[in-house]
Amino acid sequence: MPKAVVVLASSNRDKLRELDSLFSPLGLEVLAGPSLGSLEVDETERTYVGNARLKARAWNGFTGLPALADDSGLEVQALGGAPGVLSARMGDDDAGRIAWLLEAMRGQRNRRACFVASLVLVAGDREWEATGVCWGMLTEEPRGEGGFGYDPLFIPDGETRTFAEMAGAEKARYSHRAKATRLLACRLDDPFVLQYLLDCNRTPLGGLDHESIP
Ligand code: IMP
């Protein structure tokens, strides 16, 4: 059986590898959208799922293929849920974001925080969504060299190491993105869904424009 192609609204290799390995057994092949052309999508929504939907719809419209997008962030209890959907914008780079968070948390005793990730798949007139959450504690100093973003400051519940002190596969046992990916994979694990996605690979499923029927 041929695989149904799904384009990912990102060129991030780690995301591509993780999604492709989980979706491949379902008969799906995940391709990096930017390998097909360039498209800029502004993330103007106030929710992760809203921004993921914007990106997935835009890439679906641009390529005509089923399109997958994600959006994620860190929510800190003592900061009222900030930085949330603005997590990527709190500094120019990861070092700047870590410095911002350490400063914002200086003297705070409540170090509770969670990572959240939403994934959206858009194909034809159907959309599938999934969100994963990972709770943990923020450290007072960065620890570890791995991962990205706020990883050196975050210890997931049940662990003593930060995400940055773990290998990628260990992080995936806890991570918000891995949970959302698995949940979405469960929702797609149906022969009718695969058939639908294969059909979307072959024909534009826009439907008939009733105005044009004589
Ligand atoms: P985006 O979903 O790729 O736009 O990422 C949003 C921002 O949230 C990133 O730039 C990171 O700062 C932060 N973030 C999201 N997921 C993670 C993670 O797994 N580890 C560390 N930081 C993360």
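When a ligand or atom number is given, it counts from 1 through the structure's own listing order. Throughout, residue positions are numbered sequentially from 1 according to the sequence presented. Quick note: numbers below take in every heavy atom, side chains included, and nothing from hydrogens, waters or symmetry partners.
- Between D70 and ligand 1, not a single N/O pair is under 3.5 Å apart.
- Polar contact with ligand 1: absent for D94 (N/O pair, distance under 3.5 Å).
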**Message:** Assess the residue pair R161 and E170 against the criterion (salt bridge (charged side-chain N to carboxylate O under 4.0 Å, His left out)); give the C-alpha distance rounded to whole Å, side-chain angles, the decisive distance to 0.1 Å, and a yes or no.
**Reply:** CA-CA 11 Å; R161 295 168 300 164; E170 286 180 293; 2.9 Å; yes
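- Regarding atom 10 (O) of ligand 1, its nearest protein heavy-atom neighbour is A88 CB, 3.5 Å.
- No salt bridge links R182 with D189; every basic N to acidic carboxylate O contact stays at or beyond 4.0 Å.
- Here the protein heavy atom with the shortest distance to atom 17 (C) of ligand 1 is F148 CZ, 3.4 Å.
- Considering only non-hydrogen protein atoms, atom 3 (O) of ligand 1 sits nearest to K15 NZ, 3.1 Å.
- Remark: of the listed residues K15, K55, R46, K55 is the sole one forming a salt bridge (charged side-chain N to carboxylate O under 4.0 Å, His left out) with D71.
- Contact annotation for F115 and ligand 1: only side-chain heavy atoms (C-beta onward) come within less than 4.0 Å of the ligand.
- Atom 22 (N) of ligand 1 has its closest protein heavy atom at Y150 N, 3.1 Å.
- Remark: ligand 1 and K171 share an N or O pair separated by less than 3.5 Å (distance only, no angle test).
- Taking only nitrogen or oxygen atoms, main chain and side chain alike, R177 reaches within less than 3.5 Å of ligand 1.
- Taking the six-membered ring where tryptophan is involved, the planes of F154 and F163 are tilted, since the angle between them lies from 30° to 60°.
- A continuous path of hydrophobic side-chain contacts links L121 to Y196 [ILVMFWY only; heavy atoms under 4.5 Å].
- The option with the heavy atom closest to atom 6 (C) of ligand 1, from among S72, G73, S87, is S72.
- Residue D20 holds its CG atom at 6.5 Å from NZ of K3, rounded to the nearest 0.5 Å.
- Among the candidates K171, M166, H176, R173, the single residue satisfying the side chain to side chain contact (heavy atoms under 4.5 Å, CB included) test with P156 is M166.
- For M90, the heavy-atom gap to ligand 1 stays at 4.0 angstrom or more.
- Near R97, meaning under 4.0 Å from any of its heavy atoms, are these atoms of ligand 1: 12 (O).
- Summarising the local packing, CG of D42 is surrounded by 12 or fewer heavy atoms from other residues, nucleotides or ligands at distances under 6.0 Å.
- Protein heavy atom closest to atom 4 (O) of ligand 1, with residue, atom name and distance, is D71 OD1, 3.7 Å.
- At least one heavy atom of D151 sits less than 4.0 Å from an atom of ligand 1.
- Clustering ILVMFWY residues whenever any of their side-chain heavy atoms sit less than 4.5 angstrom apart, transitively, puts V120 in a cluster other than the one holding V85.
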